[in-house]
Amino acid sequence: MEGFLQLLRKDMKMILSGRFFLLAFLSLVLYSCYINFVYVKIEQENYHVYLYDPQNSFSGESEYLTEVNDRKEMEEACADRTSIGIDTSADIPEIYMLSSGIETTDHYRAIWAEAVLNGIKEEEAEIIGMYNKEEKSRREITAEFLFFELSAVGFLGLASVLFKEKQMGVIRVHGILPVSKFAFIFSKICVFLLSDLLFTVLLTLINVGVFDSFILLPGILVQAGVLSLIMTLTGFLCAVWLSDFKQFSLFYLVFAVFATTPVFLVGQMGVSWDFIIYHPMYHLFTAMKSAYFNKTSVSFPYYFTCIGAIGILFYMVWRALIREVAKEG
């Protein structure tokens, strides 16, 4: 235990000397400023609907509807790929629009155009959620920022510390120290896990609100802990395997493209990909979002799989460290 505490203090000094906490603090300030001063104030306008009605068959009035003189004018107005046109020159009204590239968005556009044509009645609206627009926006964007921050910090942060230690000869010295390799690994995991959990608490308190955060934080901290452990162990494994930080940076670039970019496109941009359910990072992402909305949709097999993955990664790191120590002599 004394040796473990010494390692813990040493690792804390390493990340302090590497300006790790300063970068985390700047990230916290940047994310919070964007959420509070930019994102929650963005007002999404309704999709514009243009009506071509040469037979004057439409007798209603709507503030969301703009009439045009001919079909060509309607098609030109819809060239922005967000507006929708309605052509009533035939017996059955036709909805005209150019695809935005996102199937879900196109579906909503068609529903909106049909609602405008049939007349929107506010008393028919059904409440389907307990959060207003600002609350929903805050929780969504905070969950997304936290996911991508933890995906990068544990991976890159631990690798930078470990590569610095390898250059200093710490791995070689550790081979003759009376401290177990388990303690060497566990001390680094503890430091980065605690820092990630602290970042999670501060980001949630600042951007979701103190009262709501106390209700949500138990579930959020569980998901943040799972993600932090997986990414920290993965970064540790890659740092031991690869010879220098340049190789690691190239590997991380490939990892970011294939591991986090698909999740971002599906989660933030609404892109529909059927294969995304087989992507492990997607399930970590959805679990994080569910925690911010206090949902219990995460099942027991999810936690069982995460615990198994953490156990396998820890064993692989332990074996890789043994080989590295033997190689260092």
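Note that the numbering runs from 1 along the sequence shown for the chain.
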Check whether [X] reaches the backbone of [Y] with its side chain - one donor and one acceptor, N or O, closer than 3.5 Å.
| X | Y | result |
| --- | --- | --- |
| Arg109 | Leu98 | yes |
| Ser228 | Gly225 | no |
| Ser32 | Leu28 | yes |
| Glu67 | Leu51 | no |
| Thr232 | Leu229 | no |
| Ser83 | Tyr47 | no |

Under a single-linkage definition using a 4.5 Å side-chain heavy-atom cutoff for Ile, Leu, Val, Met, Phe, Trp and Tyr, are [X] and [Y] assigned to the same hydrophobic cluster?
| X | Y | result |
| --- | --- | --- |
| Tyr303 | Met281 | yes |
| Ile312 | Trp318 | yes |
| Val38 | Val29 | no |
| Tyr52 | Leu65 | no |
| Leu203 | Leu198 | yes |

(message) Test side-chain contact (heavy atoms from CB on, under 4.5 Å) on Met97 and Asp106; report intermediate values, then the result.
(response) CA-CA 8 Å; Met97 62 181 183; Asp106 293 341; 4.0 Å; yes
Closest contact, heavy atoms only, [X] versus [Y]:
| X | Y | result |
| --- | --- | --- |
| Gly85 | Cys78 | N-SG, 3.3 Å |
| Ala143 | Tyr292 | CB-CD1, 3.5 Å |
| Ser99 | Arg81 | O-NH1, 2.9 Å |

(request) Determine whether more than 12 heavy atoms belonging to other residues, nucleotides or ligands lie under 6.0 Å from atom OH of Tyr96. (result)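 Atom OH in Tyr96 is crowded, with more than 12 foreign heavy atoms closer than 6.0 Å.
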(request) Decide if atom CD of Glu94 counts as having more than 12 heavy atoms of other residues, nucleotides or ligands within a radius under 6.0 Å. (result) yes
Approximate separation, where rounding is to 0.5 Å, of [X] [atom1] and [Y] [atom2]:
| X | Y | atom1 | atom2 | value |
| --- | --- | --- | --- | --- |
| Ser187 | Arg9 | OG | CZ | 11.5 Å |
| Leu146 | Asp196 | CG | CG | 8.5 Å |
| Phe236 | Phe314 | CZ | CZ | 8.5 Å |
| Leu193 | Phe186 | CG | CZ | 8.5 Å |
| Phe300 | Thr305 | CZ | OG1 | 9.0 Å |
| Asp53 | Thr88 | CG | OG1 | 3.0 Å |

(message) Before you tell me yes or no, could you show the steps for Val317 and Val240 under side-chain contact (heavy atoms from CB on, under 4.5 Å), namely the whole-Å CA-CA distance, both residues' side-chain angles and the distance that decides it to 0.1 Å?
(response) CA-CA 8 Å; Val317 167; Val240 173; 5.5 Å; no
Should [X] and [Y] count as side-chain neighbours, where that means a heavy-atom distance under 4.5 Å?
| X | Y | result |
| --- | --- | --- |
| Lys289 | Glu144 | yes |
| Ile220 | Thr200 | yes |
| Ile230 | Val226 | yes |
| Tyr31 | Asn207 | no |
| Arg71 | Met74 | yes |
| Leu227 | Phe285 | no |
| Arg138 | Asn36 | yes |

(request) For Phe293, enumerate each residue passing the ring pair (Phe, Tyr, Trp, His ring centres under 6.0 Å) test, keeping only those at least two apart in sequence or located in another chain. (result) Tyr131
(request) Please assess Tyr50 against Asp87 for the test side-chain contact (heavy atoms from CB on, under 4.5 Å), listing each intermediate value before the final yes or no. (result) CA-CA 9 Å; Tyr50 296 91; Asp87 185 354; over 6 Å; no
Listed pairs under 3.5 Å, donor-acceptor, residues 212-219 side chains, sequence neighbours left out:
unit_1	atom_1	unit_2	atom_2	d
Asp212	OD2	Arg139	NH2	3.4
Ser213	OG	Thr204	O	3.0
Ser213	OG	Gly209	O	2.4

(request) Would you check, one step at a time, whether the test side-chain contact (heavy atoms from CB on, under 4.5 Å) holds for Trp241 with Met316? (result) CA-CA 11 Å; Trp241 274 348; Met316 294 175 65; 3.8 Å; yes
(request) Check the angle between the aromatic planes of Tyr34 and Phe145 and answer parallel, tilted or perpendicular using the 30° and 60° thresholds. (result)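 Geometry flag for Phe145 against Tyr34: perpendicular rings.
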